[in-house]
Amino acid sequence: MKKYRITICLGLCLVILSAISLFVGAIDVTPISLFTKNGDAIEVFFISRIPRLIAILCTGFGMSVAGLIMQQLCMNKFVSPTTGATISSAQFGILIALIFMPDSTLWGRAVFAFVSAIAGTWIFVYFIQRLRFKDAVMVPLVGIMFGNVIGGVTSFLAYKFEMTQALSTWLVGHFSMVLKGRYEIAYLVVPLVIAAFMFANHFNIVGMGKNFSKNLGVHYNLVLFMGLTIAAMITAAVVVVVGSISYIGLIVPNIVVMFKGDKLRGTLVDTALFGAIFVLVCDMAGRIIIFPYELPIELIVGIFGSILFVGLLMYRLKHGRKAVKLNKKILGGVVRE
């Protein structure tokens with residue numbers, strides 16, 4: 001039990017917050033109204049609140065795990081779907097679907113987003129593999145520049161074909177439009193996260209380098225291809241449902257690794273749970289701050305994420321790659337990983 005106490009605490013915290021979030025919103029829904037069979041409350045609960053909660057959990061699970069996989073495979077703690085051009089590529093795919101298949105369903109646009117996100121992520125990794133000096137800051141900078149190029153092309157095409165307003169739904173992440181019948185694509189995150197857990201040891205080995213992988217009999221290119229594909233498909237599924245949400249895949253894995261170490265299988269479950277808690281807290285904050293109006297989740301995550309990111313940078317500059325160890329006597333004591 002001691003080994004899993006952090007995981008248990010995160011799980012309990014997630015269950016409590018999930019129950020609270022079902023009754024937070026502009027429309028008054030309470031447990032009493034559900035038990036008294038209030039028709040309006042029941043309708044809102046099952047059409048909006050439960051789908052929204054499921055979408056939040058899938059987003060938190062998926063984006064944090066996708067970031068963890070990318071950081072492990074790219075051997076860089078500042079790589080994520082945001083800094084790896086994956087989100088920008090998914091948005092580009094959605095725009096292509098809007099231009100050439102304007103009557104396509106959400107699933108049809110998701111196919112374009114999947115293909116574009118996978119291709120953009122592979123190209124980014126191809127670029128960083130050609131770098132002679134893989135500085136910790138240089139790799140994400142390449143991804144940010146590449147993502148900005150894709151974003152520029154996306155904006156140009158959107159203006160040219162008068163698709164700016166239609167594309168705006170996917171440029172800013174929000175859960176306000178998540179309703180029954182419009183969020184089911186997010187379910188794809190669940191089997192993808194399970195697949196990531198099954199191949200976690202392979203991702204760990206590939207993250208140690210090509211030569212090391214060959215010595216252990218692991219097919220480097222195949223596992224790299226598979227891991228990046230899983231991360232890209234998770235990101236695309238989230239972008240199609242709720243839009244662009246930054247920082248989750250960057251901040252959450254780094255915080256968990258500080259306490260749990262770099263072993264992927266040992267941190268994957270905690271990363272997924274903490275990612276879901278982080279997104280859930282930010283979403284509830286967005287619903288409460290200017291109640292009864294709602295702030296986009298992208299804004300709240302951006303504020304909290306930037307603060308945490310600056311804190312992580314300061315910690316890395318001061319302590320390097322040291323982990324924070326929790327024990328009975330000292331909380332926050334610093335030891336070597």
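We use all heavy atoms of the structure for the numbers below, so side chains are in, but hydrogens, waters and symmetry mates are not. Starting from 1, each residue takes its place in the sequence as its number.
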Within 6.0 angstrom of [X] [atom1], more than 12 heavy atoms from elsewhere:
X      : atom1 : answer
Ile290 : CD1   : yes
His174 : NE2   : yes
Phe199 : CZ    : no
Tyr159 : OH    : no

Can you give me the closest heavy-atom contact between [X] and [Y], atom names plus distance?
X      : Y      : value
Leu14  : Ala276 : CD1-CB, 3.8 Å
Ser88  : Ile150 : O-CG2, 3.6 Å
Val240 : Ala110 : CG2-CA, 3.8 Å
Ala237 : Val189 : CB-CG2, 4.4 Å
Thr59  : Val238 : CG2-CG1, 3.7 Å
Gly120 : Phe146 : O-CE2, 3.4 Å

Under 3.5 Å, side chain of [X] to main-chain N/O of [Y], donor-acceptor pair present?
X      : Y      : value
Asn76  : Pro140 : no
Arg287 : Ser21  : yes
Ser306 : Ile303 : yes
Ser213 : Ile205 : yes
Arg49  : Leu22  : yes
Asn215 : Asn211 : yes

I'd like to check [X] versus [Y] (side-chain heavy atoms, cut-off strictly below 4.5 Å). Are they in contact?
X      : Y      : value
Tyr247 : Thr82  : no
Leu224 : Val125 : yes
Leu17  : Met284 : yes
Ile300 : Ile289 : yes
Phe278 : Ile255 : no
Phe124 : Val139 : yes
Leu188 : Ile185 : yes
Phe304 : Ile251 : no

Practice item. Give me the ring orientation class for Phe161 and Phe100: parallel if the planes are under 30° apart, tilted from 30 to 60°, perpendicular past 60°. Key: tilted

Practice item. Decide whether Ser64 and Thr271 meet the rule of one side-chain donor and one side-chain acceptor closer than 3.5 Å. Key: no

Review point. Does a donor on one side chain sit under 3.5 Å from an acceptor on the other, for Ser80 and Gln71?
Key: no

Indicate if [X] and [Y] have the same hydrophobic cluster label, given that clusters are the connected sets of ILVMFWY residues with side-chain heavy-atom separations under 4.5 angstrom.
X      : Y      : value
Val149 : Phe92  : no
Ile307 : Leu295 : yes
Ile128 : Tyr126 : yes

